[in-house]
Amino acid sequence: MFCDVCKSKEATVFLTQIVEGKMQKVNLCEGCSKEKGVNDPTGFALADLLLGLGAAQEIEKNPVGIRCPVCGFSQADFKKTGRLGCSACYDAFAEGLSGMLKNMHRGSVHTGKVPAKLASARRRSQELAVLQAGLVKAVKEELFEEAATLRDKIRVLELESEQESSTAAGEPVPMNRITSLPQSLPAAEEAVSAPKPRKKP
Amino acid sequence: MKLSGIIANTGEWLSGSGPHDQIVVSSRVRLARNLKGKPFPGWAKKAERIAVLEEVRGAVEQLPEMKESFSEKLEDLSPLEKQVLVERHLISREHAAKGAGSAVVMNTAQTLSFMINEEDHLRMQAIRAGLQLDEVFAMINQTDTELEDSLDFAFHNDLGYLTACPTNVGTGMRASAMLHLPGLVMSEQVNKIINSVNKIGLAVRGLHGEGTEAMGNLFQVSNQTTLGEAEEEIIGRLNKVIHQILEHEQNARQILLQQRAETLLDQIGRAYGILCHAHSITSKEALNLLSFIKMGVDLGLFPSQSRLQVDELFIETQPAHLQKGLQAVKLGSEERDSLRAALIRAKLKQMQEPEIGKIPITPPTSNTTTSEES
Ligand SMILES: [Zn+2]
Ligand SMILES: [Zn+2]
């Protein structure tokens, strides 16, 4: 039987623990059990072993009892296996994941390859995020001319993405921050459209 | 194409050549991808896994580079066949353990292989001889781009490619090189190197066993992180570190030749003697002795035509490879040990006898003449 962590050496340390009523077994080689500091066979989670110490603690930052709305994967499942259930789990467990990903990787935003058919959508959603932040700021500072320009740009971009997602087979996974427009936007629109007629007479 | 037809031939990564292929055995890049909106294999129900398998396998088999290929469900392969694929680094141990709903597809040159429903829906890798990380990445990157046309991969605007394990999210890429480092092991520098490389987000581990215990003095260097850097940056960093390790290995060999030539020759000579005459040998002992012979070839003590034969023995002496002609019977470890010894004796007999004793003045492996103070 191979070690659950390095998967290359023969396991010699066998640990069992009960997590929420379920028995969980972990097999480790000598080296990995030392490296992971497993001297207390009852006080560990597989997530710690697979994802690094402290991972289980990070996972617990998620609201208690949370489940992925798409696949039903629970926080306990995540802690137990160190794996996620589906793509949507990344959003469902985002709170606990963000700290973990920061510790684990060199950055928290992907800067590499983007599938060609999602590239323009991704660029657009990034532009949108910038424009929306600008809009909120402009409204706050009562720069209504600028706000109007920004709003028009946002509309063009949104229209483009609507057209694309209705024709493309694979629509992009939307970014959280663009699916819901800032609360201030309806107010902004009023504010933007209100001054206009006043200027004309 | 049948598996037996493919595994009768040595993979291109072993028989082919590439830059620095005396020390860098092979370069490999693996990409992890998942289908949008489908649960990851570990959480999916059997029917969902099978549906993903059909979709992904169909797309992979349609690839122009996979015209001549082998494609099989894991459940239709014998334990021995799976083990042979593991020993050739074409599938992972975890994948070999999978049953219904998983498959493997590879090209006849064994440079491209696809694991379907391992930990992720698709893990594809390209592998070649020598230090060719850029070339291997270009290969697998193109395959990935072609697959995008027919498959919708799970991709997150902030996190990139989504994977079952958060350690792979972002690029989903694991790039690695297998290095033969007998000089660093003999001069007891290898742990120092492992520690310093681990500090910069890359990992070095023994291919079979850790640190100085690494069998056959074979080590794998790979990236640990996948998020926050572009693929090319990760490979660039890896390339730089591998070049440094290469230089250290060459220096270590040079110093051994200058300061401990007798010990070195003694060990290579003894390795040859034992391998020529042993009648029972474990995998561990065989790998460790073959490592000396391999270094002997690098140092010009053995004729250079012997290189492929020696390299092949590293794979051919692995347990499943030993038995691959004998599908029906499962051998015990004692029988394997004598079979292994016989195979090695036969191979070495074909080789021209070495002239161990003449120390090469300028070893062919080394391009550095300065020796480090240590
Ligand atoms: Zn281990
Ligand atoms: Zn989920």
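Reckoned from all heavy atoms, side chains included, excluding hydrogens, waters and symmetry mates. Each chain gets a letter, A, B and so on, in the order the sequences are listed, and its residues count up from 1.
- Between atom CG of residue B:L159 and atom OG of residue A:S98 there is a gap of 9.5 Å, rounded to the nearest 0.5 Å.
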Side chain to side chain contact (heavy atoms under 4.5 Å, CB included) for B:E233 and A:R106? Distances and angles first, verdict last. CA-CA 12 Å; B:E233 291 174 77; A:R106 285 170 82 90; over 6 Å; no
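- Residue B:W43 holds its CH2 atom at 14.5 Å from CZ of A:R83, rounded to the nearest 0.5 Å.
- Checked against salt bridge (Lys or Arg N to Asp or Glu O under 4.0 Å), B:E55 has the following partners two or more places apart in sequence or in another chain: B:K38.
- Both the backbone and the side chain of A:V114 come within contact range of chain B, judged by heavy atoms closer than 4.5 Å.
- Of the atoms belonging to A:L84, heavy atoms from both backbone and side chain fall under 4.5 Å from chain B.
- Listed options A:S108, A:G112, A:G85 were ranked by heavy-atom pairs under 4.5 angstrom with chain B; first place goes to A:G85.
- Rounded to the nearest 0.5 Å, atoms CE (A:M104) and OG1 (B:T167) are 6.0 Å apart.
- Using modelled atom types and a 3.5 Å distance limit, the side chains of A:D91 and B:H156 yield a donor-acceptor pair.
- Each of A:G72, A:A88, A:P115 has some count of heavy-atom pairs under 4.5 Å with chain B, and the biggest count is that of A:P115.
- Here the OH atom belonging to B:Y161 is positioned 6.0 Å from the NE2 atom belonging to A:H110, to the nearest 0.5 angstrom.
- Using modelled atom types, no side-chain atom of B:E229 and backbone atom of A:T111 make a donor-acceptor pair closer than 3.5 Å.
- The main-chain N or O of B:P166 is found under 3.5 Å from a side-chain atom of A:H105 such that the two form a donor-acceptor pair.
- The pair B:E148-A:K117 does not meet the salt-bridge criterion, since no charged nitrogen lies less than 4.0 angstrom from a carboxylate oxygen.
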